[in-house]
Undergrad: 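Following this message is one structure expressed as structure tokens.
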Amino acid sequence: MTAILSIQSSVAYGHVGNSAAVFPLMRMGVEVWPVLTVHFSNHTEYETYRGPLLAASDIADVITGVDERGVLSDCDALLSGYLGGQDVGAVVTDAAALVRRRNPSALYCCDPVMGDVGIGFFVRAGIPEFFRDTVIPVADVITPNLFELEFLSGRSVTDLASLLAAVDAVRERGPRTVLVTSAIQADTAPDSLDLIAVDDEGAWSVTTPLLPVRTTGCGDITAATFLAHLLSGEGLAAALELTAASVFGVLEQTAQAQSSELVLVQAQDEFVKPRHTFTARRIR
């Protein structure tokens, strides 16, 4: 059985971080070992939130405890997302090294959560640079949005050619597989959204309708779903198609419910039998 060590935030109400990633992964038949970096009442875009930010030493202790069970040799991947501070980031990169020592074939998938188009950066000062200079070079798979890709590559993206050039610049620094989520640029069809994935074998794109929904956690379920399909042996194009179908289905049901939170329980079948089908086209 596929197993993933997932180091992310947690909320009691709503779906972000591990509270967005763990259930879909388990629904897909993946064993998940969640390690929490925070445990808040809700995500921080609400007017108020409460709960503890876990110390880096506490997070490291949990990972050590999992390792003491002797199970990290069965760990197929490490998944990480939002980093509250550079000390937590150091714990994540240490965990990636540990997992690889226990299982040299394990992947490290990093969702470099730091900002978005129209919003800018929403993380602490120094975190974007830490992602760029320290985390990204040790990752195998990364899942940035367009804003994050531009920062990580140091390049402006205006069309498909410049997007692929930015991806190539990032891939030269370490990660072999890059999934660009929420890619809207000059070549994107009107009222549509592109997801673009690139690895050593080529580049693929899937286009879905742009839904009238704004919610948190979409990037978290995208990264988790994409990683699960990669680990199941799907080729890049198939992993991209299945990820797009699942995420679109969840967002569609979220929009229909007029919910400000992802309706993961209601839409859970989208992760195993999506209602929609999208076809990846080769772009390089």
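Heavy-atom basis, side chains included; hydrogens, waters and symmetry copies ignored.
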Undergrad: For Ala96 versus Tyr108, what's the shortest heavy-atom pair and its separation?
TA: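 For Ala96 versus Tyr108, the nearest heavy atoms are CB-CD2, 3.9 Å.
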
Undergrad: Give a yes or no on whether Asp200 atom CG has more than 12 heavy-atom contacts from other residues, nucleotides or ligands under 6.0 Å away.
TA: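 Yes, the 6.0 Å shell around CG holds more than 12 heavy atoms from other groups.
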
Undergrad: So do Gln8 and Leu36 actually touch side chain to side chain, heavy atoms under 4.5 Å?
TA: no

Undergrad: When the side chains of residues 150-157 are checked against the rest of the protein, which donor-acceptor pairs come out under 3.5 Å, sequence neighbours left out?
TA:
unit_1: Glu150; atom_1: OE2; unit_2: Val157; atom_2: N; d: 2.7
unit_1: Ser153; atom_1: OG; unit_2: Leu149; atom_2: O; d: 2.8
unit_1: Ser153; atom_1: OG; unit_2: Glu150; atom_2: O; d: 3.4
unit_1: Ser153; atom_1: OG; unit_2: Arg155; atom_2: N; d: 3.2

Undergrad: Taking the side chain as everything from C-beta on, heavy atoms only, tell me whether Ile7 gets closer than 4.5 Å to Val91.
TA: no

Undergrad: Tell me if a side-chain donor or acceptor on Asn145 pairs with a main-chain N or O of Thr181 at a distance below 3.5 Å.
TA: no

Undergrad: For Ser192 versus Thr207, what's the shortest heavy-atom pair and its separation?
TA: CB-CG2, 3.5 Å

Undergrad: State plainly whether the residues Arg100 and Asp140 are in salt-bridge range, i.e. N to O under 4.0 Å.
TA: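 Salt bridge: yes.
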
Undergrad: I'd like to know if the side chain of Asp220 reaches the main chain of Gly17, judged simply by a donor and an acceptor atom lying under 3.5 Å from each other, with no hydrogens or angles considered.
TA: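 Answer holds: yes.
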
Undergrad: Evaluate the side-chain proximity of Asp168 to Arg284: yes if any heavy-atom separation is below 4.5 Å, no if none is.
TA: yes

Undergrad: For Thr64 and Asp61, does a side-chain donor sit closer than 3.5 Å to a side-chain acceptor?
TA: no

Undergrad: Would you check if Gln185 and Asp194 make a side-chain contact, meaning some heavy-atom pair closer than 4.5 Å?
TA: yes

Undergrad: Are Tyr46 and His43 close enough that their ring centers fall under 6.0 Å?
TA: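 Yes: the rings meet the under 6.0 Å criterion.
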
Undergrad: Looking only at side chains, do Asn18 and Ser10 share a donor and an acceptor under 3.5 Å apart?
TA: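 Not at all, the side chains of Asn18 and Ser10 share no donor-acceptor pair under 3.5 Å.
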
Undergrad: Gly115 and Phe147: which non-hydrogen atoms are nearest, and at how many Å?
TA: C-CD2, 3.5 Å

Undergrad: Do the non-hydrogen side-chain atoms of Cys75 and Trp33 ever get within less than 4.5 Å of each other?
TA: yes

Undergrad: Does some side-chain heavy atom of Thr177 sit less than 4.5 Å from a side-chain heavy atom of Leu107?
TA: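 Leu107 does not reach Thr177 side chain to side chain.
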
Undergrad: Among residues two or more places apart or on two chains, list those pairs meeting side chain to side chain donor-acceptor pair (under 3.5 Å) that have a residue in residues 232-260.
TA: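 Every side chain to side chain donor-acceptor pair (under 3.5 Å) pair that includes a residue of residues 232-260, provided the two are not neighbours, is Glu252-Arg275, Glu252-His276, Gln253-Glu270.
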
Undergrad: Taking the hydrophobic residues Ile, Leu, Val, Met, Phe, Trp and Tyr, and joining any pair whose side-chain heavy atoms are under 4.5 Å apart, which ones share a cluster with Phe40?
TA: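 Val11, Val16, Val38, Tyr49, Leu53, listed by chain and number.
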
Undergrad: A quick test of your reading: do over 12 heavy atoms of other residues, nucleotides or ligands sit less than 6.0 Å from CZ of Arg214?
TA: no

Undergrad: Could you tell me if Tyr13 and Ser19 have a donor-acceptor pair between their side chains, going purely by distance under 3.5 Å?
TA: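 Note: Ser19 and Tyr13 side chains miss the donor-acceptor criterion.
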
Undergrad: Does Arg132 offer a backbone N or O that forms a donor-acceptor pair with the side chain of Arg173 under 3.5 Å?
TA: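 Present.
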
Undergrad: Does Arg124 use its side chain to pair, donor to acceptor, with the backbone of Gly84 at less than 3.5 Å?
TA: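 It does hold such a pair.
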
Undergrad: For the pair Arg27 and Asp269, find out whether any cationic side-chain nitrogen is under 4.0 Å from an anionic carboxylate oxygen.
TA: yes

